[in-house]
Engineer: 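Take a look at this one; I'll ask things after.
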Number of protein chains: 4
Amino acid sequence: MTIPPEARPALDALRAQVAALHAELTHYELVIWTAGNVSARVPGHDLMVIKPSGVAYDELSAERMVVTDLYGNLVEGDFAPSSDTAAHAYVYRHMPEVGGVVHTHSTYACAWAARREAIPCVLTMIADEFGGEIPIGPDARSAVKAAVMLEDVARTVHISRQLGEPVPLATEDIDGLYERYQNVYGQHGGPQ
Amino acid sequence: MTIPPEARPALDALRAQVAALHAELTHYELVIWTAGNVSARVPGHDLMVIKPSGVAYDELSAERMVVTDLYGNLVEGDFAPSSDTAAHAYVYRHMPEVGGVVHTHSTYACAWAARREAIPCVLTMIADEFGGEIPIGPDARSAVKAAVMLEDVARTVHISRQLGEPVPLATEDIDGLYERYQNVYGQHGGPQ
Amino acid sequence: MTIPPEARPALDALRAQVAALHAELTHYELVIWTAGNVSARVPGHDLMVIKPSGVAYDELSAERMVVTDLYGNLVEGDFAPSSDTAAHAYVYRHMPEVGGVVHTHSTYACAWAARREAIPCVLTMIADEFGGEIPIGPDARSAVKAAVMLEDVARTVHISRQLGEPVPLATEDIDGLYERYQNVYGQHGGPQ
Amino acid sequence: MTIPPEARPALDALRAQVAALHAELTHYELVIWTAGNVSARVPGHDLMVIKPSGVAYDELSAERMVVTDLYGNLVEGDFAPSSDTAAHAYVYRHMPEVGGVVHTHSTYACAWAARREAIPCVLTMIADEFGGEIPIGPDARSAVKAAVMLEDVARTVHISRQLGEPVPLATEDIDGLYERYQNVYGQHGGPQ
């Protein structure tokens, strides 16, 4: 497969964005060593941009990102793609609404998941951001933001529950907070 | 509304101070992503300086701060104000003694709050700083300092209580510590 | 003992690598003050490269590393070797398959060890990396990577167990994850 | 009181050392805001060097340190001394064997102290460093090192005890570890 010329501008922008988003994973300590990765779908093309395998986070750059098709075959890049490429590709093939995927080893989120437990809605931040379930990421930045927010609320609710029972928010309050926040946050009238 | 010329010097100093205080929030990990903000009242005027909405903390500067009236209407600035502007403005309208407001998602403080529990006074730092209840901030710097101190004591008392019962300080000791500290700390004979 | 000329290239490369690996220990907060160290065997020679004793991590360099024989006798270097040299040397003498040794004071790993408890396999990362027991490090980089991964899983499983029982992975899933990961990770078809 | 000329070289060296040691307190997160301080006795003179009150840690320098007598009276410096100067001075007057004092708000150490509990000796690092009780600091650097080590073991033992009972070390092992470590660590045959 070759890259259609009309995909080039979006693809190059995504190379830079995906490289930069990995810095958020290390900043918020959602990954260690090389054990996590971000990818983005190239909108309108059966292509994705993903981290190279085994390359340290502080050595990533737009140029070092890897482009594959949606079966994980290498299309462009000097490195082998992430060892998790097949899983990212599977999501893009089966869920057209997904534009970005992030794979972390977030300590508190994994701690809840290892017990197969959902996080109760006891903080306004959970209501603001998620309303109910953790949302699907329409693009790579939204996916990373959701991962950062998720770990933060997973940590706070964990710590709260260590010494007693946090009080759940009322359903109508959750709905009201979510509605409000989705309309006023950011420079264009909604979350970005 | 226009800005009275005599408000300009204080307003420009507050733009710089409010921008700089956001760096304390990230330094002490009281916020993630763009989920927190500081504002300051412009003394003697119905104006406030606040963070722009959705702008990353490391991209803030004095110039990018936003000035609104005490109903949250934009008065000066290139960005939309924080999505929390209405809440800050409400405080300034109803509590004239408040000169600064800080909004964080402090992990340990939120963990106590989610259980609707007060933090017992078992550390001399609590006695020194707060005496009893968490004080109102007369200005933005005092508000941020109180938020930093609050999270620190919320964390230490939480950890102490995980393995038993911390011993409360005697009321007369709390009063003595508070009295002493309010008089000797800083370069001018009291906390700043 | 003198250093055979044919050992020089490998030895100088190991000096640089061992110095650099100490930065991973501080980055991941596996050590404090000067309380941890890394060493590497010089392949094919009865020599090892190790940290100098009592020197701060941010003052380490390739030149400051110390070379000893496998009884801990100084062979080359301007400093006394680590106070733990005898223990490293003992391992190299008795376990020829070991090419690198790392000594940390990892908080969560030590917390499990102080209770004389093994960490249950409840996370895919444990299955991917370790399969079962913590592996021996064939070289210094592998040893440091294993220490970083170990602390991460020790922390996550600790936190998960604080509020209930994490669910163990099935043995066949552990085997499958380990097999897959050992073959696809990195730029050369396996972990590095 | 004036400063005897023969005290000048030691005093100037201590100004630089005390300023630098404050960076260890922030690096290891033993303090927040301006809530901690280090001082050093000027050997052979009734003088001490201490942090100025209310000055941020990243604005400290050798020049900004304050010199007082052992009753806390200002002898040299452009700032008021720390609000804790009287407590430091009291220690130097009554305990001639003390050469340095460090005041922190170490989270885990304070958590144990708030319960009025001693930390059991269940880690080799405790045996190596302390043997038994936390030692008095002969100088400011030793005092800061002890504070860093203390917080580390306070944290690890806390975390270990959260999920069960750590196993105490045998008394003869503690004695042996302490003996060994005091003789082999550092560049001069003992801890520095």
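Residue numbers begin at 1 in each chain, while the letters A, B, ... track the order of the sequences.
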Engineer: Let's test your reading of the structure: which of Val148(D), Asp128(D), Leu123(D), Thr124(D) forms the most heavy-atom pairs below 4.5 Å with chain C?
Structural biologist: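 If we count pairs closer than 4.5 Å to chain C, Val148(D) comes out on top.
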Engineer: Name, in order of residue number, those residues of residues 167-180 of chain D that have a heavy atom at a distance of less than 4.5 Å from a heavy atom in chain C; otherwise write 'none'.
Structural biologist: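 Result: Val167(D), Arg180(D).
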Engineer: Is there a side-chain contact between Ile32(C) and Met125(D) (heavy atoms, below 4.5 Å)?
Structural biologist: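 Counting from C-beta outward, Ile32(C) and Met125(D) do come under 4.5 Å.
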Engineer: Considering only heavy atoms, which portion of Pro52(C) lies under 4.5 Å from any heavy atom of chain D: side chain, backbone, both, or neither?
Structural biologist: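 For Pro52(C), the contact with chain D is made by backbone and side chain together.
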Engineer: Sub-4.5 Å heavy-atom contacts with chain C: which residues of residues 105-115 of chain D show up?
Structural biologist: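 Within residues 105-115 of chain D, near chain C: nothing under 4.5 Å.
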Engineer: Might you point out which heavy atoms bring Tyr28(D) and Trp33(C) nearest each other, and give the distance in Å?
Structural biologist: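 Scanning both residues, the minimum pair turns out to be OH-N, 2.7 Å.
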Engineer: Is Glu29(C) close to chain D through its backbone or its side chain, or both, or neither, when contacts mean heavy atoms under 4.5 Å?
Structural biologist: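 The answer is neither part of Glu29(C).
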Engineer: Checking Glu24(D) against chain C: side chain, backbone, both or neither under 4.5 Å from a heavy atom?
Structural biologist: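 Interface part for Glu24(D): side chain.
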Engineer: Side chain, backbone, both or neither: which part of Ile159(D) has an atom under 4.5 Å from a heavy atom of chain C?
Structural biologist: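 Contact with chain C: backbone and side chain both.
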Engineer: Could you tell me which residues satisfy side-chain contact (heavy atoms from CB on, under 4.5 Å) with Val91(C), sequence neighbours excluded, listed by chain and number?
Structural biologist: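 Met95(C), Val98(C), Val101(C).
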Engineer: With sequence neighbours excluded, tell me which residues meet side-chain contact (heavy atoms from CB on, under 4.5 Å) with Glu133(D).
Structural biologist: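 Applying side-chain contact (heavy atoms from CB on, under 4.5 Å) to Glu133(D) gives none.
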Engineer: With a cut-off of 6.0 Å (strictly less than), are more than 12 heavy atoms of other residues, nucleotides or ligands near CG of Asp78(D)?
Structural biologist: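 Atom CG in Asp78(D) is not packed in, count stays at 12 or less.
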